[in-house]
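Got a structure for you, questions after.
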Amino acid sequence: MFNTGKLFFLAISLIMLSAYDAKPQHISYIVLQNEKLKETPTQFYIDRVDDERADHTYIGNVIEIGAAKKPEVYKADVKGGISAIKSFISNSIPVDKNLRPIIIKIKAFTITETLNANNSISGKVNISIAFGLQRDDDFITLGTYVGGNQYQRPVATAQQTEPMLRAAINNSLIYLNKWINAQAGTNPQLAKAVKVIFNNYDETPEGDTIYYSIKRPLKWDDFKAKPRTSSKNGAEIFASIGYTEDVALKNAVFKITLNIKVYVPKSASWVAAGNQSSYALNHEQRHFDIAKIVAERFKRNIMQAELPPYNYDGPINMLYLDALREMNKLQKQYDDETAHSTNNNQQQQWNEFIDKELAKLGIKPSAN
């Protein structure tokens with residue numbers, strides 16, 4: 001009769017014996033030798049290296065002489081793993097924090113070897129990286145590099161592959177250096193600074209819109225709209241501010257020319273019959289002056305603001321909205337306190353206040 005108990009015991013014994021005799025998987029570690037780039041980068045430094053390889057366990061396979069004195073295929077990795085690769089890159093490029101901080105993301109780094117009929121070895125190293133900038137929580141990709149090299153070598157130790165691994169990394173850094181050198185002055189993502197220039201917008205010949213000038217005060221002929229019979233006021237103008245923007249990028253600096261517009265449309269200005277006095281015209285001129293004062297404060301606030309090259313329009317737009325709110329508040333306060341010019345004492349106080357503010361700006365009051 002067949003003894004199933006003995007068969008089960010024998011099977012378990014064989015499994016245990018097989019597990020005991022199994023050799024652990026061998027990994028050959030390759031030690032990277034530090035080497036500085038022949039050309040030191042002048043436009044960037046490496047701020048961080050991220051490992052984004054699909055497989056972090058090893059970089060591939062190599063062939064070396066095994067325990068039986070014959071060529072064998074082994075798994076291969078850099079000694080120290082990704083930390084050693086990061087260290088190698090850090091030693092290749094000096095850290096100068098006055099330059100641009102570039103981030104490298106390693107997408108692939110592999111080595112593959114095969115044994116030839118003549119007992120030589122053919123090998124291939126592949127490397128793929130993305131490089132870019134960190135902006136808040138976003139990674140801005142500037143470019144990618146995919147490369148590598150092929151080689152042949154005699155059968156010996158895996159360390160013989162080290163120059164090929166080192167060359168692959170160095171070639172990616174050389175590409176990065178050349179790319180940034182070529183792009184540094186003209187690529188918007190690499191801009192380092194913002195310079196703002198202001199122009200006071202004017203228009204010749206004059207059309208419907210009057211742009212603020214100390215040489216061009218308001219006159220009653222500018223009031224072209226029909227009087228509003230529903231209004232209790234004797235006259236009204238629509239004074240406001242705006243700007244247009246011209247942008248040029250040169251030598252990694254954004255040159256922003258802001259054409260500041262302080263304006264009154266004739267077609268939106270009106271005066272009722274019998275209200276065309278110099279006193280009433282002065283009141284309307286002061287609305288125009290207030291708009292000019294706010295526009296100059298807007299310019300001052302821009303000059304004091306931090307304008308990041310990658311988002312200079314954001315702060316400028318916010319400061320413009322602030323200026324509009326300030327102007328509307330001042331215009332309302334002016335009309336409320338002067339009772340739309342009917343309070344002579346308050347009108348005189350506002351005249352003096354506006355004259356002082358204009359004088360601070362180097363502007364001679366255009367009306368009194």
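The figures that follow rest on heavy atoms only: side chains count, while hydrogens, waters and symmetry mates do not. This is a predicted model, so every value here is computed, not measured.
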Legend entry - K36 NZ: over 12 foreign heavy atoms closer than 6.0 Å: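 Atom NZ in K36 is crowded, with more than 12 foreign heavy atoms closer than 6.0 Å.
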Legend entry - Minimum heavy-atom distance between L307 and P315, given as atom pair plus value: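 Heavy atoms only, the tightest pair is CD2-CB, 3.6 Å.
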Inset, instruction - Please check if F223 and I210 belong to a single hydrophobic cluster, counting links between Ile, Leu, Val, Met, Phe, Trp and Tyr side chain heavy atoms closer than 4.5 Å. - result: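 Same cluster: F223 reaches I210 through Ile, Leu, Val, Met, Phe, Trp or Tyr contacts under 4.5 Å.
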Legend entry - Atom of V194, atom of P309 and distance for their closest heavy-atom approach: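 So the minimum-distance heavy-atom pair works out to CG2-CA, 3.7 Å.
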Legend entry - Polar side-chain atom of S120 near backbone of N116 as donor-acceptor pair, under 3.5 Å: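 Side chain of S120 to backbone of N116, a donor-acceptor pair under 3.5 Å: no, none is there.
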Legend entry - Lys/Arg N to Asp/Glu carboxylate O, R53 vs D51, below 4.0 Å: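 Between D51 and R53 there is a salt bridge, with a charged N closer than 4.0 Å to a carboxylate O.
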Inset, instruction - Check each of D289, N345, I290 against W350 using the side chain to side chain contact (heavy atoms under 4.5 Å, CB included) test, and report the only one that passes. - result: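 Testing each of D289, N345, I290 against W350, the sole residue satisfying side chain to side chain contact (heavy atoms under 4.5 Å, CB included) is I290.
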Inset, instruction - Look at D77 together with K75 and state whether they make a salt bridge at an N to O cut-off of under 4.0 Å. - result: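 Here D77 does not pair with K75 in a salt bridge, since their nearest N and O are not under 4.0 Å apart.
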Inset, instruction - To the nearest 0.5 Å, tell me how far F139 CZ sits from D50 CG. - result: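 It is 7.5 Å, given to the nearest 0.5 Å.
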Legend entry - K261 side chain to Y201 backbone, donor-acceptor under 3.5 Å: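 Checked: no pair found.
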Inset, instruction - Side-chain contact test, heavy atoms from C-beta onward, threshold under 4.5 Å: evaluate it for N344 versus Y279 and give yes or no. - result: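 Yes, at least one pair of side-chain atoms sits under 4.5 Å.
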Legend entry - Expected output: side-chain E245 to main-chain I256 donor-acceptor under 3.5 Å: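 Checked: no pair found.
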Inset, instruction - With the side chain counted from C-beta on, respond yes when E337 and Q349 share a heavy-atom pair under 4.5 Å apart, and no when they do not. - result: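 Counting from C-beta outward, E337 and Q349 never come under 4.5 Å.
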Inset, instruction - Look only at the side chain of D246 and the backbone of T257, and say whether a donor-acceptor pair between them is shorter than 3.5 Å. - result: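 Not confirmed, D246 side chain does not pair with T257 backbone.
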Legend entry - Closest heavy-atom pair and its distance - A225, W270: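 Distance-wise, the nearest heavy atoms are O-CB, 3.3 Å.
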Inset, instruction - Report the C-alpha distance between T112 and N61 in whole Å, list the side-chain angles of each, state the deciding distance to 0.1 Å, and finish with yes or no for side-chain contact (heavy atoms from CB on, under 4.5 Å). - result: CA-CA 5 Å; T112 305; N61 63 70; 4.2 Å; yes
Inset, instruction - Verify, without hydrogens or angle tests, whether S92 (side chain) and E35 (backbone) share a donor-acceptor contact under 3.5 angstrom. - result: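 Flag set: sc S92 to bb E35 pair under 3.5 Å.
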Inset, instruction - Check whether any side-chain heavy atom of Y243 sits under 4.5 Å from a side-chain heavy atom of I316, and report yes or no. - result: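 Yes; the side chains approach each other to less than 4.5 Å.
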Inset, instruction - State plainly whether one hydrophobic cluster holds both I260 and M327, where clusters connect Ile, Leu, Val, Met, Phe, Trp and Tyr through side-chain heavy atoms under 4.5 angstrom apart. - result: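 Hydrophobic grouping puts I260 with M327.
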Legend entry - Side-chain touch V95/I46, heavy atoms, less than 4.5 angstrom: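 They are not in contact (no side-chain heavy atoms under 4.5 Å apart), so the answer is no.
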Inset, instruction - Heavy atoms only: give me the nearest A252-A184 pair and the separation to one decimal. - result: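 It is CB-O, 3.4 Å.
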Legend entry - Gap between atom CD1 of I82 and atom NZ of K86 - 0.5 Å precision: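 It comes to 6.0 Å.
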Inset, instruction - Verify the ring-centre separation between W179 and F131: is it less than 6.0 angstrom? - result: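 They qualify: ring centres under 6.0 Å apart.
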Inset, instruction - Taking atom CD of E306 as the centre, report whether more than 12 heavy atoms of other residues, nucleotides or ligands fall under 6.0 Å from it. - result: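 Incorrect, the count does not exceed 12.
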Legend entry - F238/S269 under side-chain contact (heavy atoms from CB on, under 4.5 Å): CA gap, chis, key distance, verdict: CA-CA 6 Å; F238 176 79; S269 305; 5.8 Å; no
Legend entry - Pair R216 + D222, salt bridge at N-O below 4.0 Å: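 So R216 pairs with D222 through a salt bridge.
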Legend entry - Enclosure of K255 NZ (heavy-atom neighbours >12, cutoff 6.0 Å):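 Not more than 12 within 6.0 Å, no.
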Legend entry - Y145-N171 side chain donor-acceptor pair, cut-off 3.5 Å: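 Checked: Y145/N171 side chains show no N/O donor-acceptor pair below 3.5 Å.
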Legend entry - No-hydrogen, no-angle side-chain donor-acceptor test under 3.5 Å, D335 and Q331: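 Result is no, nothing qualifies.
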Legend entry - Ion pair check, K360 and E357, cut-off under 4.0 Å: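 Salt bridge flag = yes for E357 with K360.
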Inset, instruction - Apply the test side-chain contact (heavy atoms from CB on, under 4.5 Å) to residues N301 and D322: give CA-CA distance (whole Å), side-chain angles for both, the deciding distance (0.1 Å), then the verdict. - result: CA-CA 10 Å; N301 291 338; D322 289 343; over 6 Å; no
Inset, instruction - Compare all side-chain heavy atoms of E326 with those of I293 and state whether any distance is below 4.5 angstrom. - result: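 No, side chains not in contact.
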Legend entry - Separation of L176 CG from N181 CG (nearest 0.5 Å):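 Atom-to-atom, N181:CG and L176:CG are 9.0 Å apart.
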Legend entry - Single-linkage hydrophobic cluster L32~Y151, side-chain heavy atoms < 4.5 angstrom: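 Same cluster: L32 reaches Y151 through Ile, Leu, Val, Met, Phe, Trp or Tyr contacts under 4.5 Å.
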Inset, instruction - Compute whether any side-chain donor of one residue and acceptor of the other, for Q189 and R135, lie under 3.5 angstrom apart. - result: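 Checked: Q189/R135 side chains pair up, N/O donor to acceptor below 3.5 Å.
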Inset, instruction - Say whether, by atom type as modelled, one donor and one acceptor occur between the side chain of S231 and the main chain of R228 under 3.5 angstrom. - result: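 Not at all, since once roles are kept as given, no pair shorter than 3.5 Å links the two residues.
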Legend entry - Reported CG-to-CZ distance for the pair L190 and R100, which is rounded to 0.5 angstrom: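 Rounded to the nearest 0.5 Å, the CG-CZ separation comes out at 5.0 Å.
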Legend entry - Gap separating the CD1 atom of I354 from the CD atom of Q347, nearest 0.5 angstrom: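 Between I354 CD1 and Q347 CD, I get 7.5 Å after rounding to 0.5 Å.
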Legend entry - Pairwise side-chain contact, N34 with F88, heavy-atom cut-off 4.5 Å (strictly under):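 The answer is yes; the side chains approach within 4.5 Å.
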Inset, instruction - Supply the atom-to-atom distance N233 CG to H283 NE2, rounded to the nearest 0.5 angstrom. - result: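 Here the rounded value is 7.5 Å.
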Inset, instruction - Please confirm whether the backbone N or O of M164 pairs with a side-chain atom of N149, one donor and one acceptor, at under 3.5 Å? - result: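 Indeed, once roles are kept as given, a pair shorter than 3.5 Å links the two residues.
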Inset, instruction - Inspect the surroundings of CG in N343 and state if more than 12 heavy atoms from other residues, nucleotides or ligands are less than 6.0 Å away. - result: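 Buried by this count: over 12 neighbours within 6.0 Å.
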Legend entry - Test item: K266 side-chain N/O and G207 main-chain N/O as donor-acceptor pair under 3.5 Å: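 Yes, because the side chain of K266 sits within donor-acceptor range (under 3.5 Å) of the backbone of G207.
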Legend entry - Polar side-chain atom of K192 near backbone of V253 as donor-acceptor pair, under 3.5 Å: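 Looks like no, no N/O pair under 3.5 Å.
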Legend entry - Lys/Arg N to Asp/Glu carboxylate O, R286 vs D355, below 4.0 Å: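 Looking at R286 and D355, the cut-off is met.
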Legend entry - Donor-acceptor contact present, side-chain E203 to main-chain Y211, <3.5 Å: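 Not a single qualifying donor-acceptor pair exists.
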Inset, instruction - Indicate, with yes or no, if Y310 and I103 share a hydrophobic cluster defined by side-chain heavy-atom contacts under 4.5 Å among Ile, Leu, Val, Met, Phe, Trp and Tyr. - result: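 The answer is no; the residues belong to distinct hydrophobic clusters.
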Inset, instruction - Might you work through the side-chain contact (heavy atoms from CB on, under 4.5 Å) test for I129 and F109, ending with a clear yes or no? - result: CA-CA 9 Å; I129 66 168; F109 187 44; over 6 Å; no
Legend entry - Joint hydrophobic cluster, I63 plus I111, side-chain heavy atoms closer than 4.5 Å: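 No, it is not one cluster - the side chains of I63 and I111 are not joined through contacts under 4.5 Å.
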Inset, instruction - Taking all heavy atoms of L115 and all of P71, pick out the closest pair and write down the distance. - result: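 The answer is CD2-CB, 4.0 Å.
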Inset, instruction - Flag the pair I241 / Y212 as yes when at least one side-chain heavy-atom distance between them is below 4.5 Å, and no otherwise. - result: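 Counting from C-beta outward, I241 and Y212 never come under 4.5 Å.
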Legend entry - Carboxylate-amine/guanidinium contact R153 E113, below 4.0 Å: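 A salt bridge is present here (some side-chain N lies under 4.0 Å from a carboxylate O).
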Legend entry - Side-chain touch T110/I59, heavy atoms, less than 4.5 angstrom: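 They are not in contact (no side-chain heavy atoms under 4.5 Å apart), so the answer is no.
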Legend entry - Crowding at NZ, K219 (>12 non-hydrogen neighbours, <6.0 Å):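 Enclosed: over 12 neighbouring heavy atoms sit under 6.0 Å from NZ of K219.
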Legend entry - Nearest heavy atoms of Y29 and V78, plus distance in Å: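 Closest pair (atom of Y29, atom of V78, distance): CD2-O, 4.2 Å.
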Inset, instruction - Indicate yes or no: does E296 engage R300 in a salt bridge with an N to O separation below 4.0 Å. - result: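 Salt bridge flag = no for R300 with E296.
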Inset, instruction - Give the ring-plane orientation class for Y312 versus F254, where under 30° counts as parallel, over 60° as perpendicular and anything between as tilted. - result: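 Tilted.
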